[in-house]
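These notes are about the structure you will find just below.
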Amino acid sequence: MRGTYTPRVELDLVFLGTSASMPTARRAPAALLLRRGGERLLFDCAEGTQRQLQRSAVGLPEIEDVFLTHLHADHVLGLPGMLKTFALRGREGPGVMVHGPRGTRELFGHLRPFLGRLPYPLAIVELSPGDVLERGEYRLEAFAVDHGVSAIGYLLVEEDRPGRFDVDAADALGVPSGRERGILQAGDPVTLADGTVVTPDEVLGPARPGRKIAITGDTAPSPSVIQAAYRANLLVHEATFGDEDKERARETLHATATEAAQVAKLAEVRMLALTHVSPRYAGGEIAREARATFASTVVPRDFDTIEVPFPERGEPRLVKGGGAGEGARAYDPSAMSRMVQVATAGDVTEAEQLQELLRDAGIEAQVEADSEDDGLRVLVPEDSLEAAEDAIEALSEPDDLIAEP
Ligand SMILES: [Zn+2]
Ligand SMILES: [Zn+2]
């Protein structure tokens, strides 16, 4: 069997909060859990994050590493409560290390009175763009973003892995199976019983690249993000707004879906995941706009996951509801007949097309004028919302990006 010496390390991201600024009925504010092997890295920790974790299939693990992209309330307010819960659970160790941009230490100075005494160690580590944390098989790098405040993005970059072990070559050279092959696989030469020296390059193929994940946090489209995310397997970029709110995106130093897609295209990433979606959007329209520029775009909802396999094992895939626990599925039955927005339409023709598409999916949609601007809102019964979003997204969704949970 080939490649038997390479350990397989699973890597996925659980989207715990995908809303911008404030929670909505369906989306919590920013939080993202990256799971790599047995490690759990939490990126941002908005209000309610510990409950999102409890509702997820993950549960609330004893998180040891938190990475804050910036200190806006919609990214950090969940932290004091989660740290208190760890204390109430009687945690004495391991400690929690909170990484964040310049200013994180000062924030915790203010939080101290709320936190009180914690029975476990809490360390604060401030990072600047370019700082690197070596973590064995991978490194984490902070990179510059453009959000008008002290803010950083994070890169996870795995080290190259040894090449594929060529069993036939090893057999031909007389390398016995067992310990010697492990040594060669690890990159060291071995001396055989007859005195022959076999070097790793005789039995190993070319080194195989690891995975690269980029997480921006809040940012306007920025050359520093393009550079950092270059050829990443997955770029998680904010897309607070759609094209129609481009002006607002400029004023608030956020990105539109199209801008994020342009960043992904220039960075030549394999997949773009858009998050931090303004409460005025449902998600489908953000996906449609971005895919016009960059086809491999997904807009995860809360509790969706993205699996990122080693490159030779395939492309990253969105798993809808892949991180949902029992609690995430239960919802208020009284809300079932309410009409909720599933999309915005630029004009009547587009609205009618959406209505017809939804009718084909067995969903009766209504259209009403948007009071805030001259667009149209497409509404569906809340209990059909998920199906309606799926139907709309399927319009432009490349099949191979999506997997069933
Ligand atoms: Zn934000
Ligand atoms: Zn922000």
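Counting convention: from 1, in listed order, for ligands and their atoms alike.
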Q | Glu247, CD atom: more than 12 neighbouring heavy atoms under 6.0 Å | A | no
Q: Let me see the working for Leu184 and Leu204 under side chain to side chain contact (heavy atoms under 4.5 Å, CB included), right down to the final yes or no.
A: CA-CA 8 Å; Leu184 285 163; Leu204 295 182; 5.6 Å; no
Q: May I ask you to check whether over 12 heavy atoms, not counting those of Glu62, lie within 6.0 Å of atom CD?
A: yes
Q | Distance under 6.0 Å and angle within 45° of ring axis: Arg211 vs Phe310 | A | yes
Q. Quick one: which of Val157, Leu140, Leu234, Leu155 gives a side chain to side chain contact (heavy atoms under 4.5 Å, CB included) with Ile213?
A. Leu234
**Q.** Polar protein atoms near the Zn ion (ligand 1) [N, O or S; cut-off under 2.8 Å]
**A.** Asp74 OD2, His75 NE2, Asp218 OD2, His276 NE2
Q: If the plane angle is over 60° it's perpendicular, under 30° parallel, otherwise tilted; pick one for Phe43 and Phe67.
A: parallel
